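Just so you know, these numbers use all the heavy atoms, side chains as well, and skip hydrogens, waters and symmetry mates. None of the values given here were measured: they were computed from a predicted structure. Start at 1 and go down the list; that is how both ligands and their atoms are numbered.
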Amino acid sequence: MQALRFISEEIVWQEVPGEVSLAFFCSGCPLRCRGCHSSDSWKAGRGTVLTAGYLQGRLKQYRGLISCVLFMGGEWHGGLLKQMLRIAREEELHTCLYTGLERHELDPALLPHLTYLKTGRWLPERGGLNDPDTNQQFTDLRSGANLNHLFQGEPL
Ligand code: SF4
């Protein structure tokens with residue numbers, strides 16, 4: 001069985017509005033977007049294996065300091081990602097996935113374990129979430145609300 005691996009781990013404030021997130025950048029993205037800023041992460045097998053024990057240890061260390069766990073990719077190992085999302089939820093944390101897939105392309109079994117979802121490939125001519133012309137969408141799955149405006153400096 002292949003492992004879920006990450007090439008970086010950091011605390012972030014902007015990627016999920018209103019949340020302090022522990023973010024894991026997963027290696028092995030198969031989408032090959034033109035102009036991807038992280039093409040060095042495409043190779044599967046790069047980085048550190050993310051195990052349940054490792055995540056549980058990190059969440060214990062950050063208890064009371066973070067409110068969300070964010071996965072940048074990893075949906076290509078859906079079963080393992082689901083396991084990690086469950087662990088985050090057990091700690092009563094919100095969860096978020098940044099994927100280049102469209103929502104209908106994503107394994108629907110992941111959705112009940114997610115609070116937030118960012119979808120859409122990187123298209124250089126459309127820009128990211130902070131661009132009003134973007135193809136990408138950031139959704140609060142609890143309400144179904146599109147939260148792109150929170151990345152674009154518009155009033156709440
Ligand atoms: S989805 Fe993200 S990481 Fe994957 S190729 Fe596209 S821009 Fe790169």
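For C33, the nearest N, O or S atom to atom 6 (Fe) of ligand 1 falls under 2.8 Å. Among the atoms of C36, an N, O or S atom falls under 2.8 Å from atom 8 (Fe) of ligand 1.
Taking the six-membered ring for Trp and the full ring otherwise, Y116 and F138 have centroids separated by under 6.0 Å.
Given atom 4 (Fe) of ligand 1, the protein heavy atom at minimum distance is C29 SG, 2.3 Å.
Within a 4.0 Å radius of atom 8 (Fe) of ligand 1, the protein contributes at least one heavy atom.
Using the six-membered ring where Trp is involved, H37 and W122 have ring planes that are tilted, between 30° and 60° apart.
For the residue pair R103 / T139, no side-chain donor-acceptor distance below 3.5 Å is found, with atom types taken as modelled. A side-chain N or O of Q61 and one of R58 form a donor-acceptor pair less than 3.5 Å apart. Judged by distance alone, the side chains of Q137 and T119 never bring a donor and an acceptor atom under 3.5 Å apart. For S67 and E19, the side-chain atoms include at least one donor-acceptor pair closer than 3.5 Å.
In this structure, R32 is part of the shell of residues with a heavy atom less than 4.0 angstrom from ligand 1. Proximity of W42 to ligand 1 is established by a heavy-atom distance of less than 4.0 Å.
Near W122, meaning under 4.0 Å from one of its heavy atoms, ligand 1 places the atoms 7 (S).
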